[in-house]
Amino acid sequence: MERKALYAGSFDPVTNGHLNIIERAAAMYDSLTVAVVVNPQKTGFFSVDERVRIIQEVTEHLPNVHADRFSGLLADYVNENGFTAVVRGLRDTADFLNEFQMAQMNALLYTEGTETVFLMTDPACSFISSSLVKEVASLGGDVSRLVHPLVAAKIKEKVR
Ligand code: COA
């Protein structure tokens, strides 16, 4: 049986913290789908199309990774696509508290006994968040050590 994993999130934009989780999860599973959640209530910094395209480009070196999008309930998307694992990154205890609750709710909703799998974030990335990256960049700060060079260039373009 193919071991298909999912890594879902806003990815607005994808950061080095996310990329670290993607690379490690890709090594653990036969395939990894990185899916952008579509939230009609939120206008992102990057559009969903842009986010998906950026993920495709920064994961080009990982042949078993592909990018997608979904809307609605995560568990529906998981059940419809037969993912065996949903990977989440943990940066700190605040992440843990949220993730613990979501994992338990999702466990009730998954039909095939899909597991939520937690990977501890790389210590070098534990302070990174997409919002902080956007805030620092929009105020003229250097984010080149926090995101892939392609993402840094796209942020620069947008900020201009
Ligand atoms: N490194 C760096 N940053 C990380 C990270 C890591 N390893 N892991 C998470 N982050 C950051 C993100 O950049 C984001 O930062 P921001 O708030 O500054 O933008 C933040 O942590 C939140 O992460 P993200 O994964 O994007 O969103 P989320 O925690 O809200 O979860 C889903 C996303 C898709 C799992 C969740 O919203 C969901 O399930 N949505 C569908 C609706 C649903 O099913 N709801 C019921 C859930 S039980």
Side-chain angles (χ1 to χ4, degrees), residues 4-29 32-52 54-55 58-59 62 65-81 83-139 141 143-148 150-152 154-155 158-159:
K4 291 172 66 177
L6 170 70
Y7 183 33
S10 318
F11 303 116
D12 189 27
V14 68
T15 67
N16 284 346
H18 296 128
L19 270 179
N20 173 260
I21 299 289
I22 292 170
E23 285 172 352
R24 287 158 61 199
M28 293 166 61
Y29 293 95
L32 176 71
T33 297
V34 182
V36 176
V37 62
V38 179
N39 183 346
Q41 270 92 54
K42 256 190 179 172
T43 15
F45 182 77
F46 288 106
S47 70
V48 171
D49 281 348
E50 286 174 316
R51 285 181 247 167
V52 170
I54 289 171
I55 292 167
V58 300
T59 59
L62 301 167
V65 173
H66 79 274
D68 194 10
R69 73 192 66 205
F70 75 99
S71 53
L73 205 57
L74 177 82
D76 286 342
Y77 177 66
V78 167
N79 294 337
E80 281 156 21
N81 290 280
F83 292 110
T84 48
V86 176
V87 173
R88 304 290 299 157
L90 281 184
R91 289 166 299 176
D92 54 23
T93 50
D95 274 357
F96 174 79
L97 292 177
N98 288 328
E99 294 296 336
F100 183 73
Q101 196 180 22
M102 277 204 290
Q104 293 200 323
M105 175 60 78
N106 280 327
L108 288 179
L109 302 171
Y110 294 149
T111 51
E112 298 291 338
T114 306
E115 289 289 349
T116 303
V117 174
F118 296 103
L119 296 182
M120 290 303 231
T121 202
D122 183 318
C125 301
S126 60
F127 65 97
I128 305 176
S129 76
S130 299
S131 305
L132 257 189
V133 166
K134 285 180 283 193
E135 184 178 334
V136 170
S138 66
L139 296 170
V143 294
S144 60
R145 283 179 296 174
L146 312 178
V147 293
H148 187 284
L150 181 137
V151 179
K154 300 248 182 223
I155 295 176
K158 276 252 175 207
V159 169

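As the structure lists them, so they are numbered: ligands from 1, and atoms in each ligand from 1. All of these numbers come straight from a predicted model, not from anything done at the bench.
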*Just jot down the ligand 1 atoms closer than 4.0 angstrom to any heavy atom of I21, in number order.*
7 (N)
*Flag atom 30 (O) of ligand 1 as yes if some protein heavy-atom distance to it falls below 4.0 Å, otherwise no.*
no
*More than 12 heavy atoms of other groups within 6.0 Å of E50 CD*: yes
*Which of the atoms in ligand 1, numbered in the order shown and given with their element, are less than 4.0 Å from a heavy-atom of T15?*
2 (C)
*For atom 40 (N) of ligand 1, what is the nearest protein heavy atom, given as residue, atom name and distance?*
V37 CG2, 4.1 Å
*asked:* Just so I know, are the side chains of I54 and H148 near enough to count as touching, which here means a heavy-atom distance under 4.5 Å?
replied: no
_Rounded distance (nearest 0.5 Å) linking atom CG of N98 with atom OG1 of T93_ = 10.0 Å
*Quick one: does ligand 1 sit under 4.0 Å from the side chain of L109, the backbone, both or neither, non-hydrogen atoms only?*
neither
_To check your reading of the model: name the closest protein heavy atom to atom 12 (C) of ligand 1, its residue, and the distance in Å._
H18 NE2, 3.5 Å
*Answer whether the closest heavy-atom distance between the side chains of Y77 and V37 falls below 4.5 Å.*
no
_I'd like to know if atom 23 (O) of ligand 1 has any protein heavy atom within a distance of less than 4.0 Å._
no
_F11 ring center within less than 6.0 Å of F46 ring center_ = no
_As an exercise, identify every atom of ligand 1 less than 4.0 angstrom from a heavy atom of S129._
15 (O), 18 (O)
_Evaluation steps, salt bridge (charged side-chain N to carboxylate O under 4.0 Å, His left out), between R88 and D95_ = CA-CA 10 Å; R88 304 290 299 157; D95 274 357; over 6 Å; no
*asked:* Considering non-hydrogen atoms of the protein only, which is the closest contact for atom 13 (O) of ligand 1, and what is the distance?
replied: S130 OG, 2.7 Å
*Answer yes or no: does atom CE of M120 have more than 12 heavy-atom neighbours from other residues, nucleotides or ligands under 6.0 Å?*
no
*Hey, is L74 touching ligand 1 through its side chain, its backbone, both or neither, going by heavy atoms under 4.0 Å?*
both
_Where ligand 1 meets G17 - atom numbers and elements under 4.0 angstrom, heavy-atom basis_ = 1 (N), 2 (C), 6 (C), 7 (N)
*Is the closest side-chain heavy-atom distance between T33 and N81 below 4.5 Å?*
no
*Which residue and non-hydrogen atom of the protein lie closest to atom 3 (N) of ligand 1, and at what distance in Å?*
I128 O, 3.2 Å
*Between the candidates A35, A8, S10, A75, which shows the shortest non-hydrogen contact distance to atom 26 (O) of ligand 1?*
S10
*Would you mind checking which non-hydrogen protein atom is closest to atom 20 (C) of ligand 1, with the distance to 0.1 Å?*
R91 NH2, 4.0 Å
_Per-atom contacts, ligand 1 versus M105 - under 4.0 Å to a heavy atom_ = 48 (S)
*Within less than 4.0 angstrom of ligand 1, does R88 place any heavy atom?*
yes
*Tell me: protein heavy atom nearest atom 18 (O) of ligand 1, and distance?*
S131 OG, 2.4 Å
*Among protein heavy atoms, which lies nearest atom 45 (N) of ligand 1, and at what distance?*
L73 CD1, 4.3 Å
*Stepwise side chain to side chain contact (heavy atoms under 4.5 Å, CB included) test for E112 and T84*: CA-CA 8 Å; E112 298 291 338; T84 48; over 6 Å; no
*Contact bool for atom 37 (O) of ligand 1 (protein heavy atom, d < 4.0 Å)*: no
*With a 4.5 Å heavy-atom cut-off, do D76 and F70 have their side chains touching?*
no
*Can a non-hydrogen atom of T121 be found less than 4.0 Å from any atom of ligand 1?*
yes
*List the steps, then state whether side chain to side chain contact (heavy atoms under 4.5 Å, CB included) holds for F127 with L146.*
CA-CA 10 Å; F127 65 97; L146 312 178; 3.8 Å; yes
_Taking atom 41 (C) of ligand 1 as the reference point, the nearest protein heavy atom with its distance_ = G72 O, 3.5 Å
*Can you find a pair of side-chain heavy atoms, one from C125 and one from H18, that are under 4.5 Å apart?*
no
_Residue pair L6 / L74, side-chain heavy-atom distance below 4.5 Å_ = yes
